[in-house]
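Some notes on the structure that comes next.
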Protein chains: 2
Amino acid sequence: MSSVCLVERLKKGGYRITPQRQEIINCFGSGGKHYSAEEIHQEIKNKFPNVSLDTVYRNLNTMRELGIIEALNFEDGKCRYELAGENSHHHHLICIRCGMSEELDFCPLKFLDSSLLRDKKFTVERHSFELYGYCSSCTGSKREVK
Amino acid sequence: MSSVCLVERLKKGGYRITPQRQEIINCFGSGGKHYSAEEIHQEIKNKFPNVSLDTVYRNLNTMRELGIIEALNFEDGKCRYELAGENSHHHHLICIRCGMSEELDFCPLKFLDSSLLRDKKFTVERHSFELYGYCSSCTGSKREVK
DNA sequence: TGACTAATAAGAATTATTCCTATCTAAATA
DNA sequence: TATTTAGATAGGAATAATTCTTATTAGTCA
């Protein structure tokens, strides 16, 4: 999804394209990293030294509500965000030593017998599946760093 | 795993069995609920009105290090804890309306092609897999409550 | 009994996130 | 163009889960 398209979707949602919003969108433009709000804030401060962390959170939440981005939970106490493409559903490998995260092209829902859920009368809205361990650089020195 | 056994494992780890610890263990004795630290704290205060929340956290972490309990992340901003039995690996259904959580007897790792990870040289230590949605009581009135 | 160490209570500190409020600004209107 | 209005922002306060600090207490062992 191009950043032009993101701007369109914000506008369609009735939101203004402020310089701060444009800059948040630019952050995502440059590839598949999984930034935390704090990291995005640091990045944006290069252009807008006075931008508040609240503005970052507020806009990330707005974009999440519009389905433009997704919030990821890597169980380290903070949210990370990534672009939500149309056909880009995926999960992650997360290194518990260096924090690296990588996308994984495997979704367990395909293998879950749906009769299991039907019996329980449970309606699935979303799911998590993340693998935690040591990436190629960190295997060998396996000591989890907090 | 009986609570007697839990006490044994704490002792083997070089830890004392204080009344507070005994009481935390008792909380888990009564079945498969997924308590938060705050809930355990409330429960224990019935017997020890002065017990501190810090004591609960400290001991939950100790028990986690010993592998006696496991921390669950239901993405609602707080940890939940459950007994870690030997053959009891499982995942969860979590209702995003009422908070109900139920165990699910399905593990996606069985279906993940291990060559995928071998290629990436990633060593898996643990994984998450949780289904979020509406339980049988909450289907019908689908409005997520924060 | 005395010394040593683990464990505790109480409250302060930390961290991620959200809320509040006064100000600002872009768009709509007159 | 000047005015109005609603959306957005900065800054700082508030919140909530968790951890840290410190002084005190209580087992354990010599």
Side-chain angles (χ1 to χ4, degrees), chain A residues 6-7 9-25 34-66 68-81 99 144-146, chain B residues 6-7 9-25 34-66 68-81 99 144-146:
Chain A
L6 299 189
V7 167
R9 289 177 66 181
L10 266 174
K11 275 189 185 165
K12 263 187 203 157
Y15 297 94
R16 293 179 189 160
I17 308 303
T18 63
Q20 292 90 337
R21 274 184 186 149
Q22 183 68 65
E23 203 53 28
I24 291 176
I25 290 172
H34 308 122
Y35 295 110
S36 69
E38 183 58 45
E39 284 167 340
I40 292 172
H41 186 223
Q42 287 305 322
E43 182 67 25
I44 294 178
K45 279 211 283 191
N46 293 330
K47 264 204 176 170
F48 301 96
N50 290 330
V51 75
S52 75
L53 188 51
D54 180 62
T55 294
V56 173
Y57 274 109
R58 186 165 19 78
N59 288 313
L60 287 173
N61 283 333
T62 298
M63 291 165 73
R64 191 167 46 156
E65 276 158 25
L66 287 176
I68 292 174
I69 59 174
E70 268 177 59
L72 308 175
N73 189 315
F74 290 175
E75 302 193 355
D76 64 347
K78 73 189 85 174
C79 279
R80 321 220 159 223
Y81 300 87
E144 183 163 353
V145 182
K146 282 233 302 190
Chain B
L6 299 188
V7 166
R9 287 176 66 180
L10 267 174
K11 276 189 184 168
K12 263 187 203 157
Y15 296 95
R16 294 178 188 160
I17 308 304
T18 64
Q20 292 90 337
R21 274 183 186 150
Q22 183 68 63
E23 203 54 27
I24 292 176
I25 289 173
H34 308 122
Y35 295 110
S36 68
E38 184 59 45
E39 284 166 340
I40 293 171
H41 186 221
Q42 287 305 321
E43 181 67 24
I44 293 178
K45 279 211 282 191
N46 292 331
K47 264 204 176 172
F48 301 96
N50 289 330
V51 75
S52 75
L53 187 53
D54 178 65
T55 294
V56 174
Y57 275 109
R58 186 164 18 80
N59 287 313
L60 287 173
N61 283 335
T62 298
M63 289 164 73
R64 190 167 46 155
E65 277 159 25
L66 287 175
I68 291 174
I69 61 174
E70 267 177 59
L72 308 175
N73 190 314
F74 288 175
E75 302 192 357
D76 64 345
K78 72 188 87 173
C79 278
R80 323 222 158 223
Y81 300 87
E144 183 165 355
V145 182
K146 282 232 303 189

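The sequence lines fix the lettering, A, B, ..., with proteins before strands; numbering per chain opens at 1. Every value quoted in this text rests on a predicted model; they were computed, and no experiment measured them.
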*Just jot down the ring pair (Phe, Tyr, Trp, His ring centres under 6.0 Å) partners of A:H41, sequence neighbours excluded, or say none.*
none
_Tell me the interatomic distance from B:R64, atom CZ, to D:dT19, atom P, rounded to whole angstroms._
7 Å
*Atom pair distance, as rounded to whole Å: CD1 in A:I17 and C1' in D:dT9*: 15 Å
*Using atom OH of A:Y57 as one end and atom P of C:dT15 as the other, report the distance to the nearest whole Å.*
13 Å
_Which heavy atom of B:E39 sits nearest to which heavy atom of B:S36, and what is that distance?_
OE1-N, 2.9 Å
_Interatomic distance, B:I24 atom CD1 to B:F48 atom CZ [nearest 0.5 angstrom]_ = 10.0 Å
*asked:* What is the distance, to the nearest angstrom, from the OH atom on B:Y35 to the C1' atom on D:dT18?
replied: 21 Å
*Would you kindly give the CD-to-C1' distance between A:E23 and D:dT9, to the nearest whole Å?*
16 Å
*Who passes salt bridge (Lys or Arg N to Asp or Glu O under 4.0 Å) against A:R16, sequence neighbours left out?*
none
*asked:* Just to be sure I understand the geometry, which residues of residues 36-44 of chain A put a non-hydrogen atom under 4.0 Å away from DNA chain C?
replied: none
*Find the distance between CG (B:L10) and CG (B:L66) and round it off to the nearest 0.5 Å.*
6.0 Å
Give me the distances for all protein-to-nucleotides 7-10 of chain C N/O pairs that come in under 3.5 Å?
from	atom 1	to	atom 2	distance (Å)
C:dA7	OP1	B:R16	N	3.2
C:dA7	OP1	B:R21	NH1	2.6
C:dA7	OP1	B:R21	NH2	3.4
C:dT8	OP1	B:T18	OG1	2.7
C:dT8	OP2	B:R58	NH1	2.3
C:dT8	OP2	B:N59	ND2	3.3
C:dT8	O3'	B:Q20	NE2	3.0
C:dA9	OP1	B:Q20	NE2	3.4
C:dA9	OP2	B:S52	N	3.2
C:dA9	OP2	B:S52	OG	3.4
C:dA9	OP2	B:T55	OG1	2.3
C:dA10	OP2	B:N50	O	3.0

Taking only distance into account, with no hydrogens and no angle test, what donor-acceptor pairs under 3.5 Å do side-chain atoms of residues 56-65 of chain A form with protein atoms, sequence neighbours excluded?
from	atom 1	to	atom 2	distance (Å)
A:R58	NH2	A:T55	OG1	2.9
A:N59	OD1	A:R21	NE	2.6
A:N59	OD1	A:R21	NH2	3.1
A:N59	ND2	A:T55	O	2.9
A:N61	OD1	A:R64	NH2	2.7
A:N61	ND2	A:Y57	O	3.4
A:T62	OG1	A:R58	O	3.0

*Which residues share a salt bridge (Lys or Arg N to Asp or Glu O under 4.0 Å) with A:K11, sequence neighbours left out*: none
*Figure out the NZ/C1' separation between B:K11 and D:dG27, and round it to whole Å.*
13 Å
*Distance, rounded to the nearest Å, where A:L72 contributes CG and C:dA16 contributes C1'*: 16 Å
*So, for A:R80 and A:H34, which heavy atoms are closest and what is the spacing to 0.1 Å?*
CD-O, 3.5 Å
*Rounded distance (nearest 0.5 Å) linking atom CD of B:E75 with atom CG of B:N73*: 6.0 Å
*Figure out the CE/C1' separation between A:M63 and D:dA8, and round it to whole Å.*
15 Å
